[in-house]
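Below is one structure, written out as structure tokens, with a few remarks after it.
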Amino acid sequence: MPRTAILYARSGRRDNLDEQVRELQEWCDRAGVVPVSTVAEVAIGLRASRRCRQVLADVVAGLADLVVIRDVSRLSEDVAQLEQIISEYWSRLAISRDDRHW
């Protein structure tokens with residue numbers, strides 16, 4: 001049974017979101033991962049957004065196996081918060097720019 005994923009894209013610009021989502025979908029195709037939903041938001045700021053935290057909670061709740069992101073800065077630009085997120089969700093993150101499952 002293939003792994004499932006929620007795709008999460010975040011940018012300060014709408015046109016960049018479309019590119020990110022396309023990249024995440026292509027990564028899933030290459031990795032054999034089935035996207036079950038996509039969350040794309042225009043957001044500026046250092047801290048993880050409510051939608052980002054909800055995506056992570058949805059994966060923990062079993063709605064998908066992974067959160068697929070373009071790079072870790074999509075989760076948060078606050079270094080302490082980013083370290084906490086990576087530590088807590090390590091096995092549930094996949095980074096499309098790296099082609100590795102975390």
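Scope of the values below: all heavy atoms of this structure, side chains included, with no hydrogens, waters or symmetry mates. Quantities reported herein were computed from a predicted structural model and do not represent experimental measurements.
Rounding to the nearest 0.5 angstrom, the gap separating the CZ atom in Arg70 from the OG atom in Ser96 is 6.5 Å. Rounded to the nearest 0.5 angstrom, Leu66 CG and Leu93 CG are separated by 8.0 Å. A distance of 5.0 Å separates SG of Cys28 from CG of Leu7, quoted to the nearest 0.5 Å. Distance check: Tyr8 OH to Leu56 CG gives 8.5 Å after rounding to the nearest 0.5 Å. Rounding to the nearest 0.5 Å places CZ of Arg10 at 12.0 Å from CG of Asn16. In this structure, the separation between CG on Leu24 and CD1 on Ile95 is 11.0 Å, given to the nearest 0.5 Å.
For the pair Arg14 and Glu41, the salt-bridge criterion is not met [side-chain N within less than 4.0 Å of a carboxylate O].
Counting heavy atoms from C-beta on, the side chains of Val68 and Ile6 never come closer than 4.5 Å. Side chains of Val34 and Arg3 form no contact here, defined as non-hydrogen atoms less than 4.5 Å apart. Looking only at side-chain heavy atoms (C-beta outward), Thr4 and Val33 stay at 4.5 Å or farther from each other.
Hydrophobic clustering, with ILVMFWY side chains joined whenever heavy atoms are under 4.5 angstrom apart, groups Val59 together with Val36. One hydrophobic cluster holds both Val60 and Val55 under the rule that ILVMFWY side chains link at heavy-atom gaps under 4.5 Å. Under the 4.5 Å side-chain heavy-atom criterion for ILVMFWY residues, a single connected hydrophobic cluster contains both Val39 and Ile69.
Pairing each heavy atom of Arg51 with each of Ala40, the nearest pair is NH1-O, 3.6 Å.
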List the steps and the verdict of side chain to side chain contact (heavy atoms under 4.5 Å, CB included) for Asp65 and Arg92. CA-CA 6 Å; Asp65 300 313; Arg92 298 177 184 270; over 6 Å; no

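No hydrogens or angles considered: a donor-acceptor pair under 3.5 Å links the side chains of Asp58 and Gln54.
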